[in-house]
There are 2 protein chains.
Amino acid sequence: MVRKVRTRETRQRRLVLETLRATKTHPTAEWIFEHVRERMPSISLGTVYRNLNVLRDEGLVRELRVNGRTAHWDADLSPHAHFVCATCGVIRDVEGVPPLDWRGLKDLVGCEVHHQRIDFHGECPSCLRQQEPSN
Amino acid sequence: MVRKVRTRETRQRRLVLETLRATKTHPTAEWIFEHVRERMPSISLGTVYRNLNVLRDEGLVRELRVNGRTAHWDADLSPHAHFVCATCGVIRDVEGVPPLDWRGLKDLVGCEVHHQRIDFHGECPSCLRQQEPSN
DNA sequence: TTGGTTGCAAATTCTTTGCAGCTCT
DNA sequence: AGAGCTGCAAAGAATTTGCAACCAA
């Protein structure tokens with residue numbers, strides 16, 4: 001988890017980070033790959049995966065595991081919650097959820113908390129509409 | 001996501017649910033497979049996966065995606081938070097975290113929330129001890 | 001009876017990795 | 001110069017699926 005080696009700033013790594021920072025869609029590695037490729041056609045998917053892992057270990061991006069087996073990525077490090085649609089899988093930021101107090105965890109059970117994650121699971125408006133078109 | 005067909009109660013399905021209900025370790029499909037197999041040696045891993053998906057769709061169990069690519073499963077449907085160790089991956093229940101109010105999500109952005117998930121990520125006591133034995 | 005379910009094995013999907021050559025620092 | 005990084009392709013891990021036989025309702 002902790003990276004001991006000094007990392008370099010390559011064009012590939014910079015583009016991966018820039019691309020992720022430029023979106024709020026919590027994309028997959030594949031999506032990032034396709035978008036970086038528009039600016040650097042020679043980049044490979046493996047490099048995108050490797051760089052996402054490096055950036056995650058450096059604390060610059062966050063890996064989201066929500067539903068399904070595909071990881072999603074987020075460069076927004078500010079405390080915020082997510083809404084996940086069970087049907088279409090879309091992930092939306094939810095502002096205004098107050099951070100929880102976790103000091104008790106250290107005192108009670110000895111766990112050291114680095115960050116928290118709050119997800120709401122349900123149905124997004126457009127999926128709701130499609131499910132009950134007559135109601 | 002919504003299952004339209006009538007499901008049956010097979011011995012395999014009952015054993016999967018019983019096994020998951022009998023533990024608080026948030027196990028993987030593989031773990032459940034190994035434990036069900038002690039009581040029913042003929043069961044296959046594919047059947048465990050299929051049954052977990054059926055039970056999830058019926059709302060009887062919950063699929064947890066926390067870290068890594070492996071799904072974990074939980075038959076405890078009561079509202080509770082989790083602590084996830086970034087090093088060893090252990091998942092512990094955290095009691096006493098008050099459920100968040102999500103009514104605003106429906107009013108503000110039209111999302112219908114079915115349930116919420118609260119995870120604390122950090123280091124568990126035993127991993128903390130191993131990381132800093134001298135400090 | 002019959003349609004959901006099973007075991008088996010192959011297929012899929014997502015992610016990681018070995019390697020030889022390249023490039024930041 | 002050299003340690004980290006890349007593209008490529010193959011490997012790996014987790015999960016799903018097609019099929020014929022089976023069995024719960």
Side-chain angles (χ1 to χ4, degrees), chain A residues 1-20 26-58 60-74 89 91, chain B residues 1-20 26-58 60-74 89 91:
Chain A
M1 222 82 237
V2 181
R3 211 156 266 266
K4 344 116 221 300
V5 299
R6 174 166 33 245
T7 62
R8 266 174 213 177
E9 188 182 10
T10 60
R11 188 152 122 73
Q12 287 86 341
R13 185 159 303 158
R14 201 176 329 111
L15 282 171
V16 167
L17 185 53
E18 277 177 15
T19 303
L20 185 54
H26 316 87
T28 63
E30 185 74 38
W31 187 98
I32 296 168
F33 170 59
E34 296 296 348
H35 283 254
V36 170
R37 197 140 72 139
E38 290 172 7
R39 292 210 267 160
M40 187 186 193
S42 65
I43 198 172
S44 74
L45 181 55
T47 294
V48 172
Y49 274 108
R50 267 185 297 229
N51 277 310
L52 287 169
N53 286 340
V54 170
L55 294 167
R56 186 235 295 117
D57 292 352
E58 290 179 333
L60 293 175
V61 307
R62 209 151 271 172
E63 184 178 3
L64 302 178
R65 299 277 179 169
V66 279
N67 273 326
R69 32 185 168 178
T70 315
H72 292 254
W73 298 86
D74 194 350
I91 307 173
Chain B
M1 222 83 240
V2 180
R3 212 156 264 267
K4 344 112 221 299
V5 299
R6 178 172 23 248
T7 62
R8 261 171 217 182
E9 188 181 11
T10 60
R11 190 152 120 72
Q12 288 87 340
R13 184 160 303 159
R14 200 176 329 112
L15 283 171
V16 167
L17 184 53
E18 277 178 14
T19 303
L20 184 54
H26 316 87
T28 63
E30 184 75 38
W31 187 97
I32 296 168
F33 170 59
E34 295 298 346
H35 282 253
V36 171
R37 196 141 72 139
E38 290 172 7
R39 291 210 267 161
M40 188 185 192
S42 65
I43 197 172
S44 74
L45 181 55
T47 294
V48 172
Y49 274 108
R50 266 185 297 229
N51 277 310
L52 286 170
N53 287 339
V54 170
L55 293 167
R56 187 236 294 119
D57 292 350
E58 290 180 333
L60 293 174
V61 306
R62 209 151 270 172
E63 184 177 4
L64 303 178
R65 299 278 179 169
V66 278
N67 272 326
R69 30 187 167 176
T70 315
H72 292 255
W73 298 86
D74 195 351
I91 307 173

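Just so it is clear, the values below take in all heavy atoms, side chains as well, and ignore hydrogens, waters and symmetry mates.
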Suppose we screen for side chain to side chain donor-acceptor pair (under 3.5 Å). Which residues come up paired with A:R37, at least two apart in sequence or across chains? A:E34
Separation of C:dT15 P from A:E63 CD (nearest whole Å): 8 Å
Check whether any side-chain nitrogen or oxygen of B:N51 sits under 4.0 Å from OP1 or OP2 of C:dT5, and answer yes or no. no
How is B:S42 classified with respect to the nucleic acid when contacts are heavy atoms under 4.0 Å: base, sugar-phosphate, or nothing? sugar-phosphate
Rounded to whole Å, how long is the line connecting atom CG of A:D57 with atom P of C:dT15? 15 Å
Any idea which heavy atoms bring B:H35 and B:T19 closest together, and the distance? CB-CG2, 3.8 Å
Rounded interatomic separation in angstrom, taking CZ from A:R69 and P from D:dA14: 12 Å
Filtered N/O pairs between nucleotides 19-24 of chain D and protein, under 3.5 Å:
residue: D:dA24; atom: N3; partner: B:R8; partner atom: NH1; Å: 3.3

Consider side chain to side chain contact (heavy atoms under 4.5 Å, CB included). Of B:T47, B:L55, B:L60, which one does B:R13 pass it with? B:L55
Roughly, in whole Å, what's the span from NE2 in A:H72 to C1' in C:dT15? 14 Å
Determine the contact category for B:R65: base if any of its heavy atoms lies under 4.0 Å from a base atom, sugar-phosphate if only primed atoms, P, OP1 or OP2 are that close, otherwise nothing. sugar-phosphate
Side-chain N,O (B:T7) to OP1/OP2 (C:dG4) below 4.0 Å: no
Whole-Å distance separating the CG atom of B:L45 from the C1' atom of D:dT15: 8 Å
Rounded to the nearest angstrom, tell me the gap between atom CZ in B:R14 and atom C1' in C:dG4. 15 Å
Does a side chain donor of either B:N53 or B:R50 reach within less than 3.5 Å of an acceptor in the other side chain? no
Side-chain contact, heavy-atom cut-off 4.5 Å: A:R69 with B:R69? no
B:L55 CG to C:dG4 C1', straight-line distance once rounded to whole Å: 14 Å
Are B:W73 and B:H26 close enough that some pair of their side-chain heavy atoms sits under 4.5 Å apart? no
For a 4.5 angstrom cut-off between non-hydrogen side-chain atoms, does A:L15 reach A:I43? no
The bend of the helix from C:dT1-D:dA25 to C:dT25-D:dA1, taken between the axes of its five terminal pairs at each end and rounded to 10°, is 50°
OP1, OP2 of C:dC8 versus side-chain N and O of B:S44: anything below 4.0 Å? no
How many Å lie between CD on B:E30 and C1' on D:dA14, as a whole number? 9 Å
When you check the phosphate oxygens OP1 and OP2 of D:dT15, does a side-chain N or O of B:Y49 lie under 4.0 Å from one of them? yes
Please give me the minimum heavy-atom distance between A:L45 and A:E30, naming the atom from each residue. CD2-OE1, 3.7 Å
Pairwise side-chain contact, B:V16 with B:L20, heavy-atom cut-off 4.5 Å (strictly under): no
N or O in side chain of A:N53 less than 4.0 angstrom from C:dT15 OP1/OP2: no
